[in-house]
Amino acid sequence: MLTMNVKQSLIELPSDLQQQSIPNHVAVIMDGNGRWAKRRGFPRIVGHQKGVDALKNLLRCCDDWGIQSLTAYAFSTENWGRPTNEVEFLMTLFERVLRRELAQMMAEDVQIRFVGDLTGLPESLQKEIAYSMEKTSNNKGIKFNIATNYGGRQEILHACRVIANQVKQGKIDINDIDDRLFENNLYTHGLTSPDLLIRTSGEMRLSNFLLWQMAYGEIYVTDTFWPDFNRQEFHQALLSYQKRDRRFGKLNQENGK
Ligand code: IPE
Ligand code: IPE
Ligand code: MG
């Protein structure tokens with residue numbers, strides 16, 4: 001599949017984007033579904049429904065353009081505080097979409113993974129999630145990670161508890177705790193940190209998303225509401241990303257001389 005990816009990206013990548021600096025891992029805060037719907041006089045849930053299409057299109061585009069991982073924020077630990085009917089609609093939507101799209105994901109060699117506290121989700125959704133992760137686990141194409149019941153602070157606290165327990169049991173020494181060990185205990189273990197985080201609907205905050213992982217990730221914010229986010233918008237985000245000077249606290253090559 002890798003050769004096919006390279007071939008496709010060579011054909012389809014817009015000519016003003018540089019293949020060698022395409023981000024490895026893109027994360028997205030899919031925000032503005034409710035406002036998108038409200039503007040059109042629809043109930044908020046219509047925005048969530050439309051948002052699914054935008055995500056499917058972005059996944060396909062990432063795959064076409066040679067991006068290796070896409071992580072999408074679907075439901076935060078704070079989103080439980082929304083009205084019950086909206087929360088219930090979202091849980092049912094996740095389950096329905098997962099069931100409906102699995103065959104296509106298999107056909108496209110997508111590896112699905114859910115990140116977050118999955119034990120807090122409805123049981124029927126947990127089952128669907130476990131099945132889709134199992135079924136796609138050997139796929140070699142793009143890694144598609146869906147953050148559901150995800151909170152960055154909770155993720156960090158969870159890792160702390162696991163590590164503290166290992167210290168208590170004498171399995172590791174306190175001096176063994178470093179970046180790597182910590183990362184291995186996050187929900188995102190095994191994934192590289194996002195190179196680019198896109199947030200739609202104009203809000204300039206992380207809203208508890210990937211707090212540890214975003215230490216040096218580039219952030220791009222667009223005013224567009226999530227259901228309207230498309231290939232052209234993504235192209236703009238990548239153009240902006242490719243102009244950034246990622247210094248990681250050091251000096252850039254020219255100044256460093
Ligand atoms: C993002 O859109 C989707 C979820 C949080 C599930 P919103 O529902 O937050 O839409 P706005 O921000 O209210 O417009
Ligand atoms: C972040 O959006 C969560 C998701 C997109 C799933 P929110 O709409 O929940 O964030 P705030 O409340 O504007 O910070
Ligand atoms: Mg929102």
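Counting starts at 1 for both ligands and their atoms, in listed order. Position 1 is the first residue of the sequence, and the numbers go up from there.
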Does the side chain of Q242 pick up a donor-acceptor pair with the side chain of Q20 at under 3.5 Å? no

Contacting atoms of ligand 1, where contact means under 4.0 angstrom from a heavy atom of R44: 7 (P), 8 (O), 10 (O), 13 (O)

Are any of the side-chain nitrogens in E203 or R199 under 4.0 Å away from the carboxylate oxygens of its partner? no

S76 side chain vs N79 backbone, donor-acceptor pair below 3.5 Å: yes

With 2.8 Å as the limit, jot down which protein N, O or S atoms are around the Mg ion (ligand 3). D31 OD1

SB check R246 D195 (cutoff 4.0 Å): yes

Contacts of Y131 that satisfy ring pair (Phe, Tyr, Trp, His ring centres under 6.0 Å) - sequence neighbours left out: none

Could you name the protein residues that come within less than 4.0 Å of ligand 2, counting only heavy atoms, and order them by chain and residue number? I29, M30, D31, Y73, A74, F75, N79, R82, R199, R205, S207

Carboxylate-amine/guanidinium contact R60 E108, below 4.0 Å: yes

Using 0.5 Å steps for rounding, measure from the CG atom of L17 to the CZ atom of F234. 9.0 Å

Is there a donor-acceptor contact under 3.5 Å from the side chain of E233 to the main chain of T224? no

Do side-chain atoms of Y187 reach the backbone of F114 as a donor and acceptor pair under 3.5 angstrom? no

Non-hydrogen atom of H48 closer than 4.0 Å to ligand 1: yes

Using the ring pair (Phe, Tyr, Trp, His ring centres under 6.0 Å) criterion, which residues pair with W36? Sequence neighbours excluded. none

